[in-house]
K.L.:
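Pasting a structure here, questions to come.
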Amino acid sequence: MNHPIERASLAPVAKPGRVGQATAVEQSRAVAEVHAAVLAAWERPRNAEVALAEVLRSCSNLKMAERAFFSFPRGRTTIAGPSVHLARELARCWGNIQHGVNELRRDDEHGESEMLAWAWDIETNARSSQTFIVPHARDANGARQPLKELRDVYENNANNGARRLREAIFAVLPPWLIEEAKERCSATLEAGDGSELADRITEAVSAYAARGIGAERLERKIGRPRDAWTAQDVATLDVVFRSISRRETTVAEEFPEAEASPAVTEGEILGARKPASPPPAPSPEDLAHADAEAGLGGAQ
């Protein structure tokens with residue numbers, strides 16, 4: 001026979017005896033809102049050609065293209081790709097898509113939050129969602145630092161939620177639509193605002209200089225001197241600059257200081273200057289053998 005305490009621990013949690021009026025109204029409103037959205041999607045299905053034209057028009061705008069990509073280093077590689085800003089814009093242009101990030105639970109005692117990121121194509125009923133735990137901490141200088149301020153916790157949760165939301169939206173969008181948008185945004189960034197490439201390079205160098213990043217560090221990242229930069233190089237620097245501004249990466253990660261060459265010791269200098277040792281003197285046997293080879297030996 002089971003112990004009464006064990007039976008009680010396995011019993012389901014009792015439901016509340018009553019639901020407040022505000023809660024009941026909110027539940028009814030949420031159900032009605034979803035029902036209305038589904039009916040509207042059925043009555044006015046999207047036109048793929050019109051949606052694609054809207055995507056290309058939006059991605060041809062320089063301000064939109066500047067927010068379309070992210071970039072940050074990880075180890076010896078660089079992680080880059082389309083940003084959550086582009087994902088949200090594609091969802092708007094494609095139409096009949098709902099998406100969001102919800103904080104399900106915040107546990108300040110254990111220093112973590114439970115989050116939900118989701119996207120739903122109401123017209124096709126394609127849905128993507130992910131529940132994840134966000135620690136109230138941030139990695140800095142190779143160590144984990146706990147977050148105590150409410151603003152820091154909020155920003156940390158928002159940044160982690162934005163990454164999952166981006167993947168959720170892209171999961172319900174057609175892959176070809178995403179590729180078309182990326183290509184148009186890249187072309188828009190390369191074209192810039194129509195100014196000369198030399199002027200854009202000067203502007204980029206000046207913007208980085210204001211953050212204490214010299215031209216030599218930019219050249220080291222691109223891999224060639226500024227006189228040889230292309231429009232794509234300037235676009236890459238622009239993406240990195242905005243990623244730093246959005247705190248997706250840091251200056252130290254993107255532009256590490258050049259490693260100093262190891263100091264040359266006094267012994268290495270003296271060793272380099274030391275003359276080579278003279279060859280050993282030949283033995284009498286070696287001299288006699290050489291004379292015989294040259295035909296200088298006496299008659300036998």
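Heavy atoms only: backbone and side chains are in, while hydrogens, waters and symmetry mates are out.
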K.L.:
Find the distance between CG (Asn96) and CZ (Arg46) and round it off to the nearest 0.5 Å.
P.N.:
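Reported to 0.5 Å precision, the distance equals 5.5 Å.
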
K.L.:
Are the side chain of Glu219 and the backbone of Arg226 linked by a donor-acceptor contact shorter than 3.5 Å?
P.N.:
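Yes.
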
K.L.:
Determine, using the 4.5 Å side-chain heavy-atom cutoff (strictly less than), whether Leu86 and Trp94 are members of one ILVMFWY cluster.
P.N.:
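The answer is yes; both residues are in one hydrophobic cluster.
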
K.L.:
List in chain and number order the residues that pass side chain to side chain donor-acceptor pair (under 3.5 Å) with Ser243, two or more places apart in sequence or in another chain; answer none if no residue qualifies.
P.N.:
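Scan of Ser243 (side chain to side chain donor-acceptor pair (under 3.5 Å), adjacent residues dropped) gives Glu248.
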
K.L.:
Do you know the tightest heavy-atom contact between Ala162 and Val84?
P.N.:
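Result for this residue pair: O-CG2, 3.5 Å.
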
K.L.:
Restricting to non-hydrogen atoms, name the atom on Gly212 and the atom on Arg217 that form the minimum distance, rounded to 0.1 Å.
P.N.:
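Heavy atoms of Gly212 and Arg217 come nearest at O-NH1, 3.8 Å.
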
K.L.:
When you look at CG of Leu104, are more than 12 heavy atoms from neighbouring residues, nucleotides or ligands closer to it than 6.0 Å?
P.N.:
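Atom CG in Leu104 is crowded, with more than 12 foreign heavy atoms closer than 6.0 Å.
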
K.L.:
Looking at every non-hydrogen atom in both residues, tell me the closest pair between Cys59 and Thr188 and how far apart they are.
P.N.:
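Taking Cys59 first and Thr188 second, the nearest heavy atoms are O-OG1, 2.8 Å.
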
K.L.:
Checking side-chain polar atoms at under 3.5 Å, does Thr236 have a donor or acceptor matched by the opposite partner on Asp233?
P.N.:
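Asp233 and Thr236 do not have a side-chain donor-acceptor pair below 3.5 Å.
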
K.L.:
Spell out, as yes or no, whether a donor-acceptor pair under 3.5 Å connects the side chain of Asp108 to the backbone of Gly111.
P.N.:
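Looks like no, no N/O pair under 3.5 Å.
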
K.L.:
Would you name the heavy atoms of Cys93 and Val55 that are closest together and state the gap between them?
P.N.:
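In terms of heavy atoms, the two residues are closest at CB-CG2, 3.5 Å.
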
K.L.:
Quick one: hydrophobic cluster around Trp229, which other residues, with the 4.5 Å side-chain cut-off, linked directly or via members?
P.N.:
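For the cluster that includes Trp229, the remaining residues are Leu197, Ile201, Val205, Tyr208, Ile213, Leu218, Ile222, Val234, Leu237, Val240, Phe241, Ile244, Val251, Phe255.
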
K.L.:
Tell me if the CZ atom of Arg105 is crowded by more than 12 foreign heavy atoms within 6.0 Å.
P.N.:
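For Arg105, atom CZ is crowded (more than 12 foreign heavy atoms under 6.0 Å).
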
K.L.:
Just jot down the side-chain contact (heavy atoms from CB on, under 4.5 Å) partners of Ala91, sequence neighbours excluded, or say none.
P.N.:
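If we apply the side-chain contact (heavy atoms from CB on, under 4.5 Å) test to Ala91, skipping adjacent residues, the hits are Ile97, His99, Ile169.
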
K.L.:
Would Arg211 and Ser245 count as a side chain to side chain donor-acceptor pair (under 3.5 Å) here? Give the steps.
P.N.:
CA-CA 10 Å; Arg211 289 183 173 269; Ser245 301; 3.1 Å; yes

K.L.:
List the residues meeting side-chain contact (heavy atoms from CB on, under 4.5 Å) with Gln130, not counting sequence neighbours, and say none if there are none.
P.N.:
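Gln130: side-chain contact (heavy atoms from CB on, under 4.5 Å) contacts with Phe132, Arg164.
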
K.L.:
Can you give me the closest heavy-atom contact between Pro135 and Asn156, atom names plus distance?
P.N.:
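Shortest heavy-atom separation between Pro135 and Asn156 comes out as O-ND2, 3.0 Å.
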
K.L.:
Look only at the side chain of Arg138 and the backbone of Gln145, and say whether a donor-acceptor pair between them is shorter than 3.5 Å.
P.N.:
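No: the side chain of Arg138 does not pair with the backbone of Gln145.
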
K.L.:
Hey, does the side chain of Thr202 reach the backbone of Ala198 with a donor-acceptor pair shorter than 3.5 angstrom?
P.N.:
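Yes, because the side chain of Thr202 sits within donor-acceptor range (under 3.5 Å) of the backbone of Ala198.
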
K.L.:
May I have the step-by-step check of salt bridge (Lys or Arg N to Asp or Glu O under 4.0 Å) for Arg106 and Glu112, ending in yes or no?
P.N.:
CA-CA 6 Å; Arg106 178 178 296 189; Glu112 62 181 26; over 6 Å; no

K.L.:
Give a yes or no answer on whether the side chain of Arg166 reaches the backbone of Ser83 with a donor-acceptor pair at less than 3.5 Å.
P.N.:
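No: the side chain of Arg166 does not pair with the backbone of Ser83.
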
K.L.:
Inspect the contact between Lys221 and Glu254 and indicate whether a charged nitrogen and a carboxylate oxygen are less than 4.0 angstrom apart.
P.N.:
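A salt bridge links Glu254 with Lys221.
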
K.L.:
The test is side chain to side chain donor-acceptor pair (under 3.5 Å); show your working for Arg184 and Ser60 and say whether it passes.
P.N.:
CA-CA 6 Å; Arg184 180 58 62 91; Ser60 297; 2.8 Å; yes

K.L.:
So with a 6.0 Å cut-off around CZ of Arg44, is the heavy-atom count from everything else above 12?
P.N.:
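Atom CZ in Arg44 is not packed in, count stays at 12 or less.
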
K.L.:
Which residue pairs pass the salt bridge (charged side-chain N to carboxylate O under 4.0 Å, His left out) test with at least one member in residues 192-210, sequence neighbours excluded?
P.N.:
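Non-adjacent pairs meeting salt bridge (charged side-chain N to carboxylate O under 4.0 Å, His left out): zero.
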
K.L.:
Ignoring hydrogens, what is the shortest heavy-atom contact between Pro82 and Phe170? Give both atom names and the distance.
P.N.:
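Closest pair (atom of Pro82, atom of Phe170, distance): CG-CE1, 3.6 Å.
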
K.L.:
Donor-acceptor pairs are to be reported for all side-chain atoms of residues 62-69 against protein atoms at under 3.5 Å, with residues two or more places apart or in another chain.
P.N.:
{"residue": "Glu66", "atom": "OE1", "partner": "Arg242", "partner atom": "NH2", "Å": "2.9"}
{"residue": "Glu66", "atom": "OE2", "partner": "Arg242", "partner atom": "NH2", "Å": "3.4"}
{"residue": "Arg67", "atom": "NH2", "partner": "His85", "partner atom": "ND1", "Å": "2.8"}

